[in-house]
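Here is the structure we will look at.
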Amino acid sequence: MEELPKERYPTSMPSPFDTLKADIASAKTLADLDKLEQDLFGRKHGHLTLALKELGTLQPEERTIKGKELNALKQECTALLDTRRKQLQGAALGSLAESDTIDVTLTLPQRERGHLHLIPEFIRNVEDVFGRMGFEVAQGPEVETEDYNFNLLNIPDTHPARDAQDTFWISEDSMPPGGRYVLRTQTSPMQIRYMQKHQPPLRIICPGKTYRKDADATHSPMFHQFEGLMIGEDVSLANMKAVMITAIRELISPKAEFRFRTGFFPFVEPGLEVDMLWQGDEAQSREGKWLEVVGCGMVHPNVLKNCSIDPKKFQGFAFGFGVERMIMIKHQIPDLRSFYVGDLRFLKQF
Ligand code: DAH
């Protein structure tokens, strides 16, 4: 039987595998390593691939021996490639860590945060300030009956006080029969709604939207008011002034300038109005002017009777603040229409 050569490549000639192995160990870049891997394992021309293909042409015995050798060589080369690759990757990361540093103290541009519009923000303040004085918040409908908005507040159909409130009447065909409906012209109807359900002692505020056919720098067809009501056995006008002055100072400024003067509202007796010094348009001339912001007074006995409350036993006060007007004074805003146009240049200032 023919003697099989031990080595396919004579020992005098360096086998391509030895060269390749040495090249792997000294490869400088990952790209070089990829190339060497191709030289060994490439599908068409890889030295190892070709050598393995050649196995098929050998005698069985030689094939077994050669097969084992080539398998060992394959594992060795794979391991070498792996080791070198890890070394090169490690080195690459190391130098990246040095060249590519992250400044953790760098501040990123802040995301802009939204905030409440100044009307709801003011109303939250109102609820907070009065909440601390023991007032609860009550809310009611913006579409009111004529009874709640006028009649039960001692403003009958023929009363001239109705003229002071340019009312949006709601077309009768769109509403249930049995009465006339309005967009509430004031938050005062909540006094009636609340007193019909609750007996004194009681203390409430009712913030909300109100509507009148009015439009100029200090009037808008939709605006906000908050009503206040306090009824008990010995609630006096002095109590009313104390509560209102506390609220005005807290909501606007401890130095806010205001004046009480008599005023007429059919649902209070006596009635008062509060004006506040408004710098507004006149700020430059430093003259200022008075802007009416509140109507108030002692609740009229007829109103108490309309709610089945005995006016001989109970009495109290009510007030209605104009929200926009208070904010105008607080921030010296000359035109109330700025609240509604949605101009961010205006809104962002607050
Ligand atoms: N509702 C009145 C208005 O809108 C303001 C007002 C005046 C409310 C006197 C009151 C009050 O509670 O007692 O003009």
Side-chain angles (χ1 to χ4, degrees), residues 116-123 125-126 142-144 146 149-150 153 155 159-171 181-189 206-228 244 248 251-253 256-268 271-297 319-350:
L116 280 180
H117 183 279
L118 70 179
I119 292 178
E121 187 195 44
F122 188 84
I123 289 176
N125 257 343
V126 167
E142 288 170 27
V143 174
E144 264 302 2
E146 180 182 10
N149 198 79
F150 294 122
L153 284 164
I155 318 175
H159 199 293
R162 284 210 180 184
D163 295 344
Q165 304 193 353
D166 277 328
T167 308
F168 287 110
W169 291 91
I170 294 184
S171 122
Y181 290 83
V182 297
L183 288 183
R184 68 177 175 193
T185 57
Q186 48 187 350
T187 43
S188 308
C206 323
K209 291 189 170 69
T210 45
Y211 303 84
R212 287 184 205 177
K213 281 190 268 172
D214 260 345
D216 60 35
T218 53
H219 297 86
S220 138
M222 186 284 297
F223 58 106
H224 297 74
Q225 288 189 340
F226 67 92
E227 196 77 9
M244 290 177 63
I248 289 172
L251 289 168
I252 298 196
S253 145
E257 286 189 62
F258 51 86
R259 64 182 186 193
F260 282 86
R261 59 181 168 79
T262 52
F264 174 75
F265 303 96
F267 39 95
V268 282
L272 297 155
E273 286 176 39
V274 181
D275 301 330
M276 298 199 63
L277 194 61
W278 181 38
Q279 309 291 330
D281 272 332
E282 268 84 342
Q284 279 167 350
S285 69
R286 296 254 166 259
E287 278 171 33
K289 71 175 178 191
W290 295 99
L291 187 66
E292 184 211 328
V293 287
V294 195
C296 55
F319 52 77
F321 278 82
V323 170
E324 282 84 344
R325 289 181 169 210
M326 286 189 84
I327 304 174
M328 285 166 82
I329 286 161
K330 179 169 181 164
H331 297 298
Q332 322 230 321
I333 296 167
D335 192 327
L336 151 150
R337 289 165 290 200
S338 331
F339 291 121
Y340 314 116
V341 289
D343 184 339
L344 288 179
R345 289 168 304 178
F346 169 77
L347 296 172
K348 276 182 171 175
Q349 294 174 47
F350 305 99

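The basis for the numbers below is simple: all heavy atoms, side chains too, and nothing from hydrogens, waters or symmetry mates. If you're wondering where the values come from, they're calculated on a predicted model, not measured in any experiment.
Nearest heavy-atom pair across I155 and A161 is CG2-CB, 4.1 Å. The two residues A256 and I252 make their nearest non-hydrogen contact at CB-CG2, 4.1 Å. The minimum heavy-atom distance linking I123 with P207 is given by the pair CG2-CB, 3.7 Å. The two atoms that bring F319 and C296 nearest to each other are CB-CB, 3.5 Å, heavy atoms only. Between F350 and F346 the shortest heavy-atom distance is CE1-O, 3.2 Å. Nearest heavy atom pair, residue P189 against residue E144, reads CB-OE2, 3.6 Å.
A distance of 13.0 Å separates OG1 in T187 from NZ in K209, rounded to the nearest 0.5 Å. For the atom pair NZ (K213) and CH2 (W169), the distance works out to 10.0 Å, reported to the nearest 0.5 Å. Between the NE2 atom of H117 and the CZ atom of F122 there is a distance of 13.5 Å, given to the nearest 0.5 Å. Annotation: the span from M328 atom CE to L336 atom CG amounts to 5.0 Å, rounded to 0.5 Å. Taken from OG in S253 to CD1 in I329, the straight-line distance is 11.5 Å, to the nearest 0.5 Å. Distance check, rounded to the nearest 0.5 Å: OG of S220 to CZ of R212 gives 11.0 Å.
Salt-bridge formation is detected for the pair D275/R259: a Lys NZ or Arg NE/NH1/NH2 atom is positioned less than 4.0 Å from an Asp or Glu carboxylate oxygen. Using a cutoff of 4.0 Å between basic side-chain nitrogens and carboxylate oxygens, D343 and R345 are scored as salt-bridged. Between E324 and R337 there is no salt bridge, since no side-chain nitrogen of the basic residue lies less than 4.0 Å from a carboxylate oxygen of the acidic one.
Only one option out of D166, N149, T210, T167 pairs with T185 in a side-chain hydrogen bond (donor to acceptor under 3.5 Å, both in side chains); it is N149.
Partners of N125 under the side chain to side chain donor-acceptor pair (under 3.5 Å) rule, at least two apart in sequence or in another chain, do not exist in this structure.
Ring orientation note: the planes of F265 and F267 are tilted relative to one another, at an angle of 30° to 60°.
In this structure a side-chain-to-backbone donor-acceptor pair under 3.5 Å is missing from R325 to L291.
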Check against side chain to side chain contact (heavy atoms under 4.5 Å, CB included), L118 and I327 | CA-CA 8 Å; L118 70 179; I327 304 174; 3.7 Å; yes
Does the side chain to side chain contact (heavy atoms under 4.5 Å, CB included) test come out yes or no for L277 and W290, once each step is laid out?
-> CA-CA 5 Å; L277 194 61; W290 295 99; 4.0 Å; yes
Decide side chain to side chain contact (heavy atoms under 4.5 Å, CB included) for E292 and R261; before the verdict, give the C-alpha distance in whole Å, the side-chain angles of both, and the deciding distance to 0.1 Å.
-> CA-CA 10 Å; E292 184 211 328; R261 59 181 168 79; 4.3 Å; yes
Candidate pair Y340 and M222, rule side chain to side chain contact (heavy atoms under 4.5 Å, CB included), full reasoning = CA-CA 10 Å; Y340 314 116; M222 186 284 297; 3.9 Å; yes
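Inspection of the Q186 and Q225 side chains reveals no N or O donor paired with an N or O acceptor under 3.5 Å. E146 and Y181 share no side-chain donor-acceptor pair at under 3.5 Å. S188 and E227 form a side-chain donor-acceptor contact under 3.5 Å, judged by distance and modelled atom types alone.
No side-chain heavy atom of V293 sits under 4.5 Å from any side-chain heavy atom of F258. Side-chain contact between E142 and L183 is absent, with no heavy-atom pair separated by less than 4.5 Å. Counting heavy atoms from C-beta on, the side chains of F168 and P221 come closer than 4.5 Å.
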